[in-house]
Amino acid sequence: MADALVHRGPDSAGYWHNSTGTVALGHRRLSILDLSEAGAQPMQSASGRYQIAFNGEIYNHQQLRTRLERELRAPQWRGHSDTETLLAAFECWGIEATLTMTVGMFAMALWDKQEQTLYLARDRFGEKPLYYGWAAGAPDGCFVFGSELKALRAFPGFTNAVCREAVAQYMRFMYVPAPLSIFEGVYKLEPGCLLAVRGMPPGRPPPRPITETEPHGSVTVHRWWSLADAAAAGMSDPLTDEADALDRLDTQLQEAVRLQSLSDVPLGAFLSGGVDSSTIAAMLQEQAHTPIKTFTVGFEEADYDESQHARAVARHLGTEHHELFVTAAEARAVIPLLPAMFDEPFADSSQIPTHLVCRAARQHVTVALSGDAGDELFGGYNRYFWGPRIWSRVRFVPSRLRDALMAGVHRAAPGTWNRWLLRSGVVRPGEKLHKLANALHGAQSINDLYANLATEWHRERHLVYGVHAAQTSFPALPAPSSHAGGEAASRMMFWDAMTYLPDDILCKVDRAAMATSLETRVPFLDHRVAELAWRLPVSLKIRGNHGKWALRQVLYRRVPRELIERPKTGFSIPVGQWLVGPLREWAEHLLDEQRLRRDGFLDPVPVRRAWKEHLSGAYDRSGRLWAVLMFQAWLDSTFAR
């Protein structure tokens, strides 16, 4: 099982089992702090009570160690790793109390010899992955866990079937949402959760995912940190002084970058030239004594290439900038690697450039800071300001009339709309208009609008055989927003932070980076930064047609506005063009009608319809087709077909 994860830890391996052989831990090490044998894992606590396999970083472990030295007087440290600090803290303060003191990202398995209990814990936002479940074909249904599904699949007797409900959710969202995994009987531990197995686990998996209110025999789940509570606390105590809010944000972000730049190996930062990555890179350079290393990837398709913007920011900051320019053929060469890299179907096509920039960075550094989560925390996505505005204008229009108007939008292809709206200032307005038409169709509330915006396959009730249309209820915003006029935008940001951020964005970055043995760190997800973000009124996040207002003001203290201000494009590739060009034969093979029927998962009728519409040029169906293609490619890779 550990050998299946060698890419996550190429430096060394370690194994441990208890005296009866009923509990075993394996670990692959990517050495970041304390490169000596004193940092090797699995690691035992000083008293022998705990044994741990730990993946991640505790950024404030030096402060925790100082406090431990004060309270324990003279602990005998073997080295200076954060894992050893964590074990000492567990012995001194207990497990949950220690977790709440940490600033970090992690997934861990901890065996408590005294209580005969296995604990699995995951960080607050889900930066590091953690799967658990039951191996269906193993004797007594063994309880297994690991950082990736490939480790679980390596367990002898793992014969778990594909979960059709997970397939249906995947086709809707382009990722498998937690707590589901693509396999029956296997689940993702959700962010901020602590799972405990007290004594022997049941021999069979639960009929539904384990929750705080629905344990499964000796297996319980407890949420040790709650984003809902953090959001509620922030909204109930908003920052009303604009200057004070900006200063607090600046200071807290600087502290997060400082902590996350601690490393015993080379470290750099991704730089796209946008607000988020430029802010992180600027602060990292500000704190460094020499030019930091920054990385970007450029593409030959001009509409998708942002490398010139990153180059300009890097020149202003004085970084040692590395630019990887790739051809379309080189980008497409990544596609065959994706099923094994992501381990379950995953269809955010920005996975390709993300992997390419990680691969380029790994040639120079072992750790890279990223600007992820800035959009979800500070109101960066267009839907946060356009969605509420549009809904306020159309919600009084009778739904039948509204649906008829949206059908009219679809009568013109996106390319036609692009030409008509050439001077709108919006990048690819035709695609966005079609997406809006899909989102408004059948919507009865702003909640429906958001759910439709998050949905790729629309109105296909029986797309997945054996499952009706995937139904997902989005978590409720925990308290009425005190941000005047911003309740709808706050709700969308909360939903994204709870779902899209951990299951798409963080999953994408983790798998794309760890496939190259690169550790990524996300300063915006220092929980103190996130908690501060929830204290900012929406008026400090969204102004006019721009999001991330407060974050921009912090950045403009370091980088000229003119280097940053431009339409938001995202980190994308021309999948739609590729599917009608060099990828057409590959796609036709995977979308073959007889093949789809033989596989028995997807109804070929809507799939083939989408394929024909895309080939005709009348509609851009690249998103939904990419979801099908990644699922079909995953089936081939996983079951060696």
Item to complete: Starting at CZ of R621, measure out to CG of L615 and round the result to the nearest 0.5 Å.
Response: 12.5 Å
Worksheet item: Can a donor-acceptor pair be found between the side chains of S277 and S272 at a distance below 3.5 Å?
Response: yes
Item to complete: Kindly indicate whether the side chain of I335, heavy atoms from C-beta on, has any atom under 4.5 Å from the side chain of L629.
Response: no
Fill in: Donor-acceptor pair, side chain of E148 and main chain of D343, under 3.5 angstrom
no
Response to the item:
Tightest non-hydrogen contact, residues L525 and A373, listed as CD2-CB, 3.6 Å
Practice prompt. Flag the pair W586 / L583 as yes when at least one side-chain heavy-atom distance between them is below 4.5 Å, and no otherwise.
Written response: yes
Practice prompt. With sequence neighbours left out, write down each residue that passes side-chain contact (heavy atoms from CB on, under 4.5 Å) with A314, or none if nothing qualifies.
Written response: L271, T294, T319, H321
Worksheet item: Between CZ of F54 and CE of M108, what distance do you get to the nearest 0.5 Å?
Response: 5.0 Å
Worksheet item: Name the one of R8, K128, M514 that satisfies side chain to side chain contact (heavy atoms under 4.5 Å, CB included) with S147?
Response: R8
Discussion item. For R153, give me all partners under salt bridge (Lys or Arg N to Asp or Glu O under 4.0 Å), at least two apart in sequence or on another chain.
Written reply: none
Worksheet item: Step by step, would you call V509 with E127 a side-chain contact (heavy atoms from CB on, under 4.5 Å)?
Response: CA-CA 9 Å; V509 174; E127 291 183 66; over 6 Å; no
Worksheet item: At what distance, to the nearest 0.5 angstrom, does CG of D510 lie from OG1 of T354?
Response: 12.0 Å
Worksheet item: Is any side-chain heavy atom of E519 less than 4.5 Å from a side-chain heavy atom of T366?
Response: no
Item to complete: State, to 0.1 Å, how close M341 and A515 come at their nearest heavy-atom pair, and which atoms those are.
Response: CG-CB, 3.7 Å
Discussion item. Using only atom types and a distance under 3.5 Å, with no angle test, would you say the side chain of S278 pairs donor to acceptor with the backbone of G274?
Written reply: yes
Fill in: Check: Y175 ring centre within less than 6.0 Å of Y170 ring centre
no
Discussion item. Given the ring of Y500, does R383 sit roughly above its face, with NZ or CZ under 6.0 Å from the centre of the six-membered ring and within 45° of the axis?
Written reply: yes
Worksheet entry | Other residues, nucleotides, ligands: >12 heavy atoms within 6.0 Å of E562 CD | yes
Fill in: CA sep, side-chain torsions, deciding dist, call: V628, L590, side-chain contact (heavy atoms from CB on, under 4.5 Å)
CA-CA 8 Å; V628 176; L590 292 176; over 6 Å; no
Discussion item. Please evaluate residues Q41 and R29 with respect to the criterion side-chain contact (heavy atoms from CB on, under 4.5 Å), reporting the C-alpha separation (whole Å), side-chain torsions for both, the decisive distance (0.1 Å), and the verdict.
Written reply: CA-CA 7 Å; Q41 297 187 52; R29 187 181 184 194; 5.9 Å; no
Practice prompt. Kindly say whether V409 contributes a backbone atom to a donor-acceptor pair with the side chain of W417 at under 3.5 angstrom?
Written response: yes
Fill in: Set of side chain to side chain donor-acceptor pair (under 3.5 Å) partners for E456, sequence neighbours left out
none
Response to the item:
Value for CG (L625) from CH2 (W611), rounded to nearest 0.5 Å, stands at 6.5 Å
Worksheet item: Of the non-hydrogen atoms in P604 and Y465, which two are nearest, and what is the gap between them?
Response: CD-OH, 3.4 Å
Worksheet item: When the aromatic ring centroids of F158 and F183 are compared, is their separation below 6.0 Å?
Response: yes
Worksheet item: Hey, does F299 have a side-chain heavy atom less than 4.5 Å from the side chain of I573?
Response: yes
Practice prompt. Taking the side chain as every heavy atom from C-beta outward, state whether Y131 and F145 have any pair of such atoms under 4.5 Å apart.
Written response: no
Item to complete: Over all heavy atoms of both residues, which pair between D123 and G104 is shortest? Give the atoms and the distance, please.
Response: CB-O, 4.0 Å
Worksheet item: Looking only at atom types and distance, does a side-chain atom of D603 sit under 3.5 Å from a main-chain N or O of L463, one as donor and one as acceptor?
Response: no
Worksheet entry | Closest non-hydrogen atom pair, L518 against V365 | CD1-O, 3.7 Å
Discussion item. Under 4.0 Å between a side-chain nitrogen and a carboxylate oxygen: does that hold for D526 and R521?
Written reply: no
Discussion item. Test your reading of the model: is there a side-chain donor-acceptor pair from Q285 to the backbone of I292, 3.5 Å cut-off?
Written reply: yes
Worksheet item: Ignoring hydrogens and geometry, is there a side-chain-to-backbone donor-acceptor pair from N160 to A136 under 3.5 Å?
Response: yes
Practice prompt. Identify whether the distance between the nearest side-chain nitrogen and carboxylate oxygen of E190 and K188 falls below 4.0 Å.
Written response: no
Fill in: Backbone of V186 reached by a side-chain donor or acceptor of S181 within 3.5 Å
yes
Worksheet entry | All side chain to side chain donor-acceptor pair (under 3.5 Å) counterparts of R359, not counting sequence neighbours | none
Practice prompt. Determine whether L253 and F524 make a side-chain contact, defined as any pair of heavy atoms from C-beta on separated by less than 4.5 Å.
Written response: yes
Worksheet item: Does V367 reach the side chain of P266, with side-chain heavy atoms less than 4.5 Å apart?
Response: no
Discussion item. So if I apply the side chain to side chain contact (heavy atoms under 4.5 Å, CB included) rule between H7 and each of R28, K150, R511, which one comes out positive?
Written reply: K150
Item to complete: Kindly write out the residues that satisfy side-chain contact (heavy atoms from CB on, under 4.5 Å) with A329, not counting sequence neighbours, or none if the list is empty.
Response: T327, R332
Practice prompt. Classify the side-chain pair D496/Y384 by whether it contains a donor and acceptor separated by less than 3.5 Å.
Written response: yes
Worksheet item: Salt bridge or not for R172 and E165, using N-O below 4.0 Å?
Response: no
Discussion item. To the nearest 0.5 Å, what is the distance between CD on E344 and CG on L180?
Written reply: 9.5 Å
Discussion item. Please check: side-chain N/O of T159 versus main-chain N/O of G137, any donor-acceptor pairing under 3.5 Å?
Written reply: yes
Worksheet item: Below 4.0 angstrom, N of the basic side chain to O of the carboxylate: do R552 and E565 qualify?
Response: yes
Discussion item. If you apply the rule salt bridge (charged side-chain N to carboxylate O under 4.0 Å, His left out), what do you find for D592 with R597, and how did you get there?
Written reply: CA-CA 9 Å; D592 177 73; R597 292 190 186 280; over 6 Å; no
Fill in: Residue from F601, F346, W457 passing ring pair (Phe, Tyr, Trp, His ring centres under 6.0 Å) with F631
F601
Discussion item. Show, in sequence, the C-alpha distance, side-chain angles and deciding distance for H309 and I564, and conclude whether the side-chain contact (heavy atoms from CB on, under 4.5 Å) test is met.
Written reply: CA-CA 8 Å; H309 304 303; I564 302 297; over 6 Å; no
Discussion item. Quick check: Y15 with H27 (ring centres under 6.0 Å apart)?
Written reply: no
Worksheet item: Just checking, any donor-acceptor pair under 3.5 angstrom between side chains of T638 and W634?
Response: yes
Worksheet item: Do V334 and H355 have side chains that get closer than 4.5 Å, going by heavy atoms?
Response: yes
Practice prompt. Taking all non-hydrogen atoms of both residues into account, name the closest pair between E376 and I505 and its distance.
Written response: OE2-CG1, 3.8 Å
Worksheet item: What's the spacing between S261 OG and L284 CG if we round to 0.5 Å?
Response: 6.0 Å
Worksheet item: Do the charged groups of R609 and E613 touch, with an N to O distance under 4.0 Å?
Response: no
Fill in: Those residues that, when tested against T416, pass side-chain contact (heavy atoms from CB on, under 4.5 Å) (two or more places apart)
A412, A413, R419, W420
Item to complete: Please confirm whether the backbone N or O of P177 pairs with a side-chain atom of D503, one donor and one acceptor, at under 3.5 Å?
Response: no
